[in-house]
Amino acid sequence: MTWRASVLTLFPEMFPGPLGYSLAGRALREGRWALEAADIRGFATDRHRSVDDTPFGGGAGMVMRPDVVDAAVADAVNRNPGAPVIYLTPRGRLLDQGLVRQLSAGPGCVLLCGRYEGVDQRVIEARGMLEVSAGDIVLSGGETAALLLLDACVRLLPGVMGAGASAEEESHGPEGLLEYPHYTRPAEWQGRQVPEVLLSGHHAEVARWRRAQAEEATRTRRPDLWARHQARNNQPHDRGETGRLDGHPAAA
Ligand code: ADE
């Protein structure tokens with residue numbers, strides 16, 4: 001079955017955007033995944049086709065109405081049954097490669113992109129949406145976060161990356177390490193040499209050097225990932241992914 005992404009947005013023309021190019025674009029044309037971007041405004045019911053209103057309690061900005069958003073979600077869920085409904089928001093759990101792997105292994109996803117101050121909390125709760133953030137940054141809307149999430153998921157779909165590519169050794173792979181650095185010709189460039197071991201032809205030594213580089217990069221750049229990697233390697237039991245999309249421990 002085709003992995004299906006249903007995006008709900010006020011700016012459907014933003015899609016596929018960058019996902020129409022390179023690996024994701026080719027896979028989309030080959031039918032390895034499907035994308036539909038629906039205009040939330042199409043579900044407005046009043047004369048002015050309004051999708052937002054002022055916040056109860058006062059304050060700046062506008063809030064997207066629960067009735068309009070719910071109608072848009074209902075339509076998307078109908079066309080994409082079984083797919084988790086995700087609301088992109090800086091209040092959500094951080095997107096990481098573990099969640100990306102889980103999503104890409106599923107049937108697809110429904111992605112709700114907010115604008116303005118966001119979406120009325122009641123529809124988020126009523127629909128049991130998973131709230132996901134693209135990082136500890138504030139974007140002008142959920143669309144760029146949705147593009148980022150889709151890019152990460154689609155490249156993991158069968159046949160998208162092609163033979164030779166490996167999701168094992170890259171950063172944030174199953175080992176939880178950043179990737180080692182890469183070099184190509186020329187062997188000397190602006191007085192800088194490629195590390196000698198990479199020219200040696202000793203596969204075992206190259207592998208050892210890459211492993212050491214990956215560990216050093218992770219330790220110095222991402223002490224958070226390094227601590228988790230070490231804890232996992234020193235644990236007799238698997239403390240890895242829980243299998244739950246929200247990242248909470250699985251029920252006993
Ligand atoms: N919308 C605005 N900021 C966002 C973020 N960091 N992640 C997801 N959606 C957003």
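What you see is a predicted model; the values in this text were computed from it and never measured. For ligands, and for the atoms within them, numbers begin at 1 and follow the listed sequence.
Atoms CG and CG, from L103 and L156 in turn, are 10.0 Å apart once rounded to the nearest 0.5 Å. Atom NE2 of H172 and atom CD of E170 lie 9.0 Å apart (nearest 0.5 Å). Rounding to the nearest 0.5 angstrom, the gap separating the CG atom in L35 from the CH2 atom in W3 is 9.5 Å.
Geometrically, ligand 1 and A134 share a nitrogen or oxygen pair separated by less than 3.5 Å. Geometrically, ligand 1 and A145 share no nitrogen or oxygen pair separated by less than 3.5 Å. Every N/O-N/O distance between S140 and ligand 1 stays at or above 3.5 Å.
Within the 4.0 Å heavy-atom criterion, both parts of S133, backbone and side chain, lie near ligand 1. Residue-level proximity to ligand 1 for V132 is carried by the backbone, the only part with a heavy atom below 4.0 angstrom.
Against a heavy-atom cut-off of under 4.0 Å, L88 is close to the following atoms of ligand 1: 8 (C), 9 (N). Taking a cut-off of under 4.0 Å to the non-hydrogen atoms of G135, the atoms of ligand 1 that pass are 6 (N). Which parts of ligand 1 touch G141 is read off a 4.0 Å heavy-atom cut-off, strictly below it: atoms 1 (N).
Proximity of T144 to ligand 1 is not established, as no heavy-atom distance is less than 4.0 Å.
Side-chain N/O atoms of T89 and E131 include no donor and acceptor closer than 3.5 Å.
Atom 3 (N) of ligand 1 has its closest protein heavy atom at L139 N, 3.0 Å. The single protein non-hydrogen atom nearest to atom 6 (N) of ligand 1 is I137 O, 2.8 Å, given as residue, atom name and distance. Annotation: atom 10 (C) of ligand 1 to nearest protein heavy atom, P90 CD, 3.5 Å.
V119 and Y87 make their closest contact through N-OH, 3.2 Å (heavy atoms, listed as atom of the first residue, atom of the second, distance). Closest heavy-atom contact between P66 and V123: O-CG2, 3.8 Å. In this structure, A217 and L178 approach most closely via the heavy-atom pair O-CD1, 3.8 Å.
Proximity of a side-chain donor or acceptor of N80 to a complementary backbone N or O of A83 within less than 3.5 Å is not detected.
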